[in-house]
S.K.: 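Take a look at the following structure, please.
One-based numbering, in listed order, for ligands and for the atoms of each. Bear in mind that the values here come from a model prediction, so they are computed numbers and not experimental data. Atoms considered below: every heavy atom in the structure, side chains included; atoms not considered: hydrogens, waters and symmetry mates.
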Amino acid sequence: MSSQKFSNPTGKVTVQRDLLDIEYCEDFFSEVDANGWFEYLAAKIPWERREIFIMGKKILQPRLICWYGDVEYTYSRSTLPSRKWTPQLQELKTIVEEYAQQKFNSCLLNFYRDGKDSMGYHSDDEKVLGKNPFIASLSFGGKRRFVLKHKKDKSIEKVEIELGNGSLLLMKSQTQHYWLHGIPKTQKEVKPRINLTFRWTYPK
Ligand SMILES: O=C(O)CCC(=O)C(=O)O
Ligand SMILES: [Mn+2]
């Protein structure tokens, strides 16, 4: 699919405080292109629902996922095999790499079917992601609330961003060491949403 590049990155917001370092670009893709990407990804990605272990308990993940990249990925006792980039995913990766001036070799795709699908608070700080993981997160489809909270200091105010259709969020420097992030469940009527988080994953 041919896509317009970051057509109008004027809606760019940077938040740097308390060792949080993020950049949010609201209109990275035009609405038309973002809708096209959503349709493509919803139909063509081999989405799966995985069982994971949380505090020793086996649960079904509250969303669909798929892992692409040059290396496999293990988390919560679940191993996701490496999967060859499709030309379309490669295209998205290149667009994001050019903008972020950063290389990525892997991508976790998440499909939130409705407001009951979610991602719990976590940080992308596993050893395989290196010292200061640089995460680039693309969103397509329904808007969802993305919340960041400091790992230890409860007096530090949370940061909330509504991640919209066609937006790009970058998480940089020491963010993953000091902050948790997640997508809470919502009772509001929300459209399905697809998210792609590009990362650099070191082989084990
Ligand atoms: O869906 C999102 O915006 C968050 C995804 C995320 O944090 C992750 O894949 O690690
Ligand atoms: Mn994450």
S.K.: Can a donor-acceptor pair be found between the side chains of T86 and Y40 at a distance below 3.5 Å?
M.R.: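 Side chains of T86 and Y40: pair found under 3.5 Å.
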S.K.: Closer than 4.0 Å to some heavy atom of L108 - which atoms of ligand 1 meet that?
M.R.: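 Checking each atom against L108, I get 9 (O).
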S.K.: Which ligand 1 atoms are under 4.0 Å away from a heavy-atom of Y112?
M.R.: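 In order of number, 1 (O), 2 (C), 4 (C), 5 (C).
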S.K.: Looking at atom 9 (O) of ligand 1, what's its closest protein heavy atom, distance included?
M.R.: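 Sorting protein heavy atoms by distance from atom 9 (O) of ligand 1 puts N110 ND2, 3.0 Å first.
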S.K.: Tell me, which N, O or S atom in H122 is closest to the Mn ion (ligand 2)?
M.R.: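 It is NE2, the N, O or S atom of H122 closest to the Mn ion (ligand 2).
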S.K.: Just jot down the ligand 1 atoms closer than 4.0 angstrom to any heavy atom of R199, in number order.
M.R.: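 So the answer, numbered in order with elements, is 8 (C), 9 (O), 10 (O).
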S.K.: When you measure from the side chain of T175 to the backbone of D21, do you find a donor-acceptor pair of N or O atoms at a distance under 3.5 Å?
M.R.: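 Side chain of T175 to backbone of D21, a donor-acceptor pair under 3.5 Å: yes, one is there.
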S.K.: Students should be able to answer this: which protein heavy-atom is nearest to atom 6 (C) of ligand 1, and at what distance?
M.R.: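 Closest protein heavy atom to atom 6 (C) of ligand 1: M119 SD, 3.3 Å.
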S.K.: Counting only heavy atoms not in Q61 (residues, nucleotides, ligands), do more than 12 fall under 6.0 Å from its CD?
M.R.: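 Above 12, so yes.
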S.K.: Distance only, no hydrogens: is a donor on one side chain within 3.5 Å (strictly under) of an acceptor on the other, for D70 and W85?
M.R.: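 Yes.
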S.K.: Would you give the length of the straight line joining atom CG of N105 to atom CZ of F198, rounded to the nearest 0.5 angstrom?
M.R.: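 Atom-to-atom, N105:CG and F198:CZ are 11.5 Å apart.
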S.K.: As an exercise, identify every atom of ligand 1 less than 4.0 angstrom from a heavy atom of H181.
M.R.: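 So the answer, numbered in order with elements, is 7 (O).
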S.K.: Enumerate the atoms of ligand 1 whose separation from the nearest heavy atom of R193 is less than 4.0 angstrom.
M.R.: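 Every atom of ligand 1 under 4.0 Å from some heavy atom of R193: 1 (O), 2 (C), 3 (O).
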S.K.: Check the side chains of Y24 and E162 for a donor-acceptor pair under 3.5 angstrom, ignoring hydrogens and angles.
M.R.: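 Per modelled atom types, E162 and Y24 side chains form no pair under 3.5 Å.
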S.K.: Within the 3.5 Å criterion, strictly below it, is a donor on R193 or S139 matched to an acceptor on the partner's side chain?
M.R.: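 A donor-acceptor contact under 3.5 Å links the two side chains.
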S.K.: Which protein non-hydrogen atom lies closest to atom 5 (C) of ligand 1, naming both residue and atom, and how far is it?
M.R.: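 In this structure, atom 5 (C) of ligand 1 has N195 OD1, 3.3 Å as its nearest protein heavy atom.
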S.K.: Within a distance under 4.0 Å of any heavy atom of D124, pick out the atoms of ligand 1 and give their elements.
M.R.: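 Here the atoms of ligand 1 in question are 10 (O).
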S.K.: Between ligand 1 and R144, can you find any atom pair, the residue atom being a heavy atom, that is separated by under 4.0 Å?
M.R.: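 R144: no contact with ligand 1 (<4.0 Å).
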S.K.: Nearest to the Mn ion (ligand 2), which N, O or S atom of D124 do we find?
M.R.: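 Of all N, O or S atoms in D124, the Mn ion (ligand 2) lies closest to OD2.
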S.K.: Side chains of T74 and T79 only: does a donor on one sit below 3.5 Å from an acceptor on the other?
M.R.: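 A pair is found: one side chain offers a donor N or O, the other an acceptor, under 3.5 Å apart.
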S.K.: With heavy atoms of L163 as the reference, note each atom of ligand 1 found under 4.0 Å away.
M.R.: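 Here the atoms of ligand 1 in question are 3 (O).
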S.K.: Counting neighbours of CD on E157 that are heavy atoms of other residues, nucleotides or ligands and sit closer than 6.0 Å, is the number greater than 12?
M.R.: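 Not more than 12 within 6.0 Å, no.
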